[in-house]
Amino acid sequence: MMNGNSSPRIEVVRGDITTQQVDAIVNAANSGLFGGGGVDGAIHRAAGPGLLLECREVRHNTWPEGLPVGHAVATGGHDLPARWVVHTVGPNRHAGQTDPALLESSFRASLETAAGLGARSVAVPAISAGIYGWDADEVARIAISTVRTTTAPGVELVRFVLFSDRLLEAFQRALEASR
Ligand code: ADP
């Protein structure tokens with residue numbers, strides 16, 4: 001039996017985050033919360049139009065100037081198997097956002113937000129490793145070490161869901177190195 005304060009089990013798999021049977025999935029969103037390309041677009045397509053409507057409301061009510069880099073906010077999962085989506089904005093290397101603390105903050109805030117919802121299982125993508133231009137190995141290292149150092153009471157499983165073999169291998173190496 002795991003208690004609320006033990007470190008979650010970490011899994012690393014290749015797959016599509018939109019089909020994961022977990023309590024919450026994390027979205028690598030943009031600060032406008034209006035959907036986009038990459039994993040964000042895939043999540044909005046799978047969740048259906050209700051997700052975009054809820055994101056607009058969150059934007060209007062809570063983050064009128066956009067969700068800042070390194071922060072996270074939750075919505076429902078709509079048509080997804082997951083009950084919740086935790087949206088975070090990773091740093092964009094092409095915009096000069098090169099501080100690893102920003103990426104760490106995205107992973108940390110996502111897990112803390114998921115814990116606050118009562119999620120026990122969370123699927124997480126390789127935030128900032130796509131359009132935002134971060135190196136796969138650096139993202140993997142930061143992702144794994146941040147899970148290990150974040151307090152997320154009740155979260156028993158963190159599953160990194162990677163969309164390519166290259167990313168899968170980077171996360172496998174980082175996980176091995178952290179044991
Ligand atoms: P960012 O703008 O934060 O870089 P992207 O969506 O461009 O976000 O990429 C983040 C990662 O998500 C990339 O490694 C990309 O390959 C991956 N990705 C894209 N679609 C999916 C999906 N359906 N499930 C999991 N990961 C995905």
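Quick caveat, the model's predicted, so the values are computed rather than measured. For the single chain, residues carry numbers from 1 onward in sequence order. Each ligand, and each atom within it, is numbered from 1 in the order the structure gives. Just so you know, these numbers use all the heavy atoms, side chains as well, and skip hydrogens, waters and symmetry mates.
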Per-atom filter on ligand 1: closer than 4.0 angstrom to a heavy atom of L167 are 14 (O)
Looking only at distance, does G130 have an N or O less than 3.5 Å from an N or O of ligand 1?
yes
Quick check: do L168 and V12 have side-chain heavy atoms less than 4.5 Å from each other?
yes
Per side chain to side chain contact (heavy atoms under 4.5 Å, CB included), V86 is matched among V26, T75, I25, V73 by V26
Considering W134, F163, Y132 one by one, which has a heavy atom nearer to atom 2 (O) of ligand 1 than any of the others?
Y132
Tell me whether S164 reaches ligand 1 (any heavy atom closer than 4.0 angstrom to a ligand atom).
no
Going by the atom numbers of ligand 1, which of them fall below 4.0 Å from some non-hydrogen atom of A126?
10 (C), 11 (C)
Nearest-0.5 Å distance, CD of residue E169 to CZ of residue R14
9.5 Å
Can you confirm, on distance only, whether ligand 1 has an N/O atom lying under 3.5 Å from any N/O atom belonging to A42?
no
Any nitrogen or oxygen of A28, side chain or backbone, less than 3.5 Å from one on ligand 1?
no
Once you round to the nearest 0.5 Å, how far does OG1 of T88 lie from CD1 of I127?
5.5 Å
Please confirm whether S128 comes under 4.0 Å of ligand 1, counting heavy atoms of the residue only.
yes
Proximity of L162 to ligand 1 by residue part, where a heavy atom lies under 4.0 Å
neither
Counting only pairs under 3.5 Å, give me each side-chain donor-acceptor contact of residues 107-119, with atom names and distances, residues two or more places apart or in other chains.
| residue | atom | partner | partner atom | Å |
| --- | --- | --- | --- | --- |
| R108 | NH1 | T149 | O | 3.3 |
| R108 | NH1 | T150 | OG1 | 3.0 |
| R108 | NH2 | E104 | OE2 | 2.6 |
| S110 | OG | S106 | O | 2.7 |
| T113 | OG1 | A109 | O | 2.7 |

N/O donor to acceptor pairs below 3.5 angstrom from side-chain atoms of residues 41-52, sequence neighbours left out:
none

Does ligand 1 come near enough to T18 that some N or O of the ligand is less than 3.5 Å from an N or O of the residue?
no
For atom 24 (N) of ligand 1, what is the closest protein heavy atom, and at what distance to 0.1 Å?
I17 N, 3.0 Å
Any N or O of G133 that comes nearer than 3.5 Å to an N or O of ligand 1?
no
